[in-house]
Protein chains: 2
Amino acid sequence: MSKLYGKSKREIAELLRSKDIHPTAQRIEMAWCLLSRPQHLSADEIRLMLNQEYEQVSQATVYNNLKLFAKKGVVQELIVSSDRIYYDSNPNPHHHFLDLDTGKIEDIPNCALQISQMNINACIEDVSVIVKGRRKQLDLEQVHP
Amino acid sequence: MSKLYGKSKREIAELLRSKDIHPTAQRIEMAWCLLSRPQHLSADEIRLMLNQEYEQVSQATVYNNLKLFAKKGVVQELIVSSDRIYYDSNPNPHHHFLDLDTGKIEDIPNCALQISQMNINACIEDVSVIVKGRRKQLDLEQVHP
DNA sequence: CTGCTTGCAAAGGCTTTGCAGAACA
DNA sequence: TGTTCTGCAAAGCCTTTGCAAGCAG
């Protein structure tokens with residue numbers, strides 16, 4: 001399995017093809033931007049990032065392709081608040097921490113959270129854990145600035 | 001601690017007062033309906049239930065009071081899909097199962113799901129687990145009708 | 001040439017809000 | 001009498017969709 005992040009655009013095109021997605025210029029830009037590192041972005045954040053210098057991708061295309069990416073397993077839709085959908089550049093199963101102070105979403109490493117028991121009479125397709133909290137202030141200077 | 005469900009309207013009024021909510025007619029109807037049993041309802045489902053026979057509560061009031069109930073801990077906001085917010089009549093911490101066939105949300109008893117390990121450097125305020133899956137067909141007649 | 005994509009604009013759906021009138025203490 | 005609450009209508013916001021034009025194989 002190749003690296004997850006920091007792919008070249010050529011590699012991105014290949015990844016898209018491998019997921020049965022026709023690699024158009026817009027899609028390559030979007031995936032390249034999203035998959036540059038672990039991150040959690042809304043459709044609008046992605047559109048703004050892409051169009052900073054000049055208009056590269058339209059709003060409709062951003063929305064449509066994000067849905068497509070999620071369906072094909074390139075990224076993961078993340079439902080943490082009711083305002084908007086976030087897209088997680090890590091498509092593999094893992095859990096999330098929402099920092100209530102900053103609103104930022106972070107991945108929880110699988111080693112940091114384990115579900116020990118699950119007695120549910122069903123074919124389970126997905127388990128998502130969302131932990132909400134506030135980062136501890138380890139730095140005393142923040143208390144006495 | 002008194003029973004959670006099936007309260008009389010008088011008891012509902014008392015519950016609301018205990019949560020620092022002025023018990024108006026509309027609020028009592030809403031809470032009485034919601035807290036009649038364990039359930040997960042959207043704002044619109046609640047409005048429809050309340051107004052089946054005659055207009056009791058307006059849309060704006062339903063939305064405003066649900067937000068108020070959630071803030072005061074009478075019910076719990078449930079974010080499982082991006083389309084709408086659900087309100088859970090059980091305000092205590094627990095987890096949820098989403099049936100992908102029916103779209104119905106069910107509570108997962110705490111005994112059926114346990115998190116064994118959680119190494120997160122933060123003050124945790126909430127942990128929500130959403131399990132998505134399909135109920136197993138235990139009835140063979142459904143396979144050979 | 002044909003099917004897929006893009007992008008604009010409009011529509012859709014849920015939720016929030018401004019405001020006037022009603023209810024209540 | 002003053003504050004709180006309700007309800008109507010409109011606005012807001014994110015997202016989806018219809019459709020014509022563009023692009024690619």
Side-chain angles (χ1 to χ4, degrees), chain A residues 9 12-14 16-17 19-34 40-51 54-72 74-88 103 105, chain B residues 9 12-14 16-17 19-34 40-51 54-72 74-88 103 105:
Chain A
K9 295 200 179 170
I12 291 286
E14 206 140 310
L16 292 179
R17 246 186 302 265
K19 299 276 189 180
D20 217 36
I21 297 172
H22 190 74
T24 65
Q26 288 89 338
R27 286 172 182 166
I28 291 171
E29 285 306 315
M30 284 180 61
W32 183 74
C33 169
L34 255 164
H40 311 86
L41 300 172
S42 68
D44 211 53
E45 285 169 339
I46 294 166
R47 188 178 57 76
L48 289 173
M49 284 176 71
L50 291 169
N51 296 340
Y54 57 100
E55 181 82 8
Q56 285 197 93
V57 191
S58 74
Q59 191 206 42
T61 300
V62 169
Y63 275 98
N64 289 334
N65 283 335
L66 283 174
K67 277 276 178 246
L68 179 68
F69 287 0
K71 192 171 113 191
K72 298 289 191 179
V74 177
V75 298
Q76 201 175 159
E77 272 191 356
L78 210 53
I79 311 291
V80 291
S81 84
S82 56
D83 333 2
R84 75 196 75 250
I85 300 173
Y86 286 92
Y87 289 86
D88 186 338
I105 303 164
Chain B
K9 295 200 178 169
I12 290 287
E14 206 140 310
L16 291 178
R17 247 186 301 265
K19 299 277 188 179
D20 218 36
I21 296 172
H22 190 75
T24 65
Q26 287 87 340
R27 287 172 181 167
I28 292 172
E29 286 306 315
M30 285 179 61
W32 182 74
C33 169
L34 255 165
H40 311 86
L41 300 172
S42 69
D44 210 52
E45 285 169 340
I46 294 166
R47 188 180 57 77
L48 288 173
M49 283 175 71
L50 290 169
N51 297 341
Y54 58 98
E55 180 82 9
Q56 283 196 93
V57 191
S58 75
Q59 192 206 41
T61 300
V62 169
Y63 275 98
N64 289 335
N65 284 335
L66 282 174
K67 277 275 178 247
L68 179 69
F69 287 0
K71 191 171 114 192
K72 298 290 190 177
V74 177
V75 298
Q76 202 175 158
E77 270 191 357
L78 211 52
I79 312 292
V80 291
S81 84
S82 56
D83 334 1
R84 76 197 76 247
I85 301 171
Y86 285 91
Y87 289 87
D88 187 337
I105 304 163

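Since this is a predicted model, take the numbers as computed values, not measurements. Residue numbers start from 1 in every chain, and the chains themselves are labelled A, B, ... in the order their sequence lines are given, proteins ahead of strands.
- Checking A/Tyr87 against A/Glu77 by side-chain atom types alone, a donor-acceptor pair falls below 3.5 Å.
- When heavy atoms are screened at a 4.0 angstrom cut-off, A/Thr61 is found touching base atoms of the nucleic acid.
- Comparing B/Tyr86 and A/Gln26 along DNA chain C, the residue whose closest nucleotide (by nearest heavy atom) sits nearer the 5' end is A/Gln26.
- Between A/Leu16 atom CG and C/dT5 atom P the separation is 11 Å, expressed in whole Å.
- Taking for each of B/Asn64 and A/Lys67 the nucleotide of DNA chain D with the nearest heavy atom, the 5'-most of the two is the partner of B/Asn64.
- To the nearest angstrom, P of C/dT15 lies 11 Å from CD of B/Glu45.
- Taken to the nearest 0.5 Å, the CH2 atom of A/Trp32 stands 4.5 Å off from the NZ atom of A/Lys9.
- The interatomic distance linking A/Ile21 (CD1) with C/dG3 (P) rounds to 22 Å, in whole Å.
- When only modelled atom types and interatomic distance are considered, A/Ser42 and A/Asp44 share no side-chain donor-acceptor pair under 3.5 Å.
- Residues B/Leu68 and B/Ala60 both approach DNA chain D. Their nearest nucleotides, taken by heavy-atom distance, put B/Leu68 toward the 5′ side.
- Here the C1' atom of nucleotide C/dC4 and the NZ atom of A/Lys72 are 13 Å apart, to the nearest Å.
- Between the P atom of D/dT4 and the CZ atom of B/Arg27 lies a distance of 11 Å, rounded to the nearest Å.
- Backbone-only contact: A/Asn65 has heavy atoms under 4.0 Å from sugar-phosphate atoms and none from a base.
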How far apart are the C-alpha atoms of A/Met49 and A/Leu41, what are their side-chain angles, what is the distance that settles it, and do they pass the side-chain contact (heavy atoms from CB on, under 4.5 Å) test? CA-CA 10 Å; A/Met49 284 176 71; A/Leu41 300 172; 3.8 Å; yes
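- Distance, A/Leu66 CG to C/dT6 C1': 15 Å, rounded to whole Å.
- Summarising the geometry, the separation between OH on A/Tyr63 and P on C/dT6 is reported as 16 Å, rounded to the nearest angstrom.
- When the P atom of D/dA11 is taken as reference, atom CD of B/Gln59 falls 15 Å away, rounded to whole Å.
- In terms of phosphate contacts, B/Thr24 brings a side-chain nitrogen or oxygen within less than 4.0 Å of OP1 or OP2 of D/dT6.
- Here the straight-line distance linking atom CG of B/Asp20 with atom NZ of B/Lys71 works out to 10.0 Å at 0.5 Å rounding.
- Nearest nucleotide to the A/His22 side chain, out of C/dT15, D/dC5, C/dT5: C/dT5.
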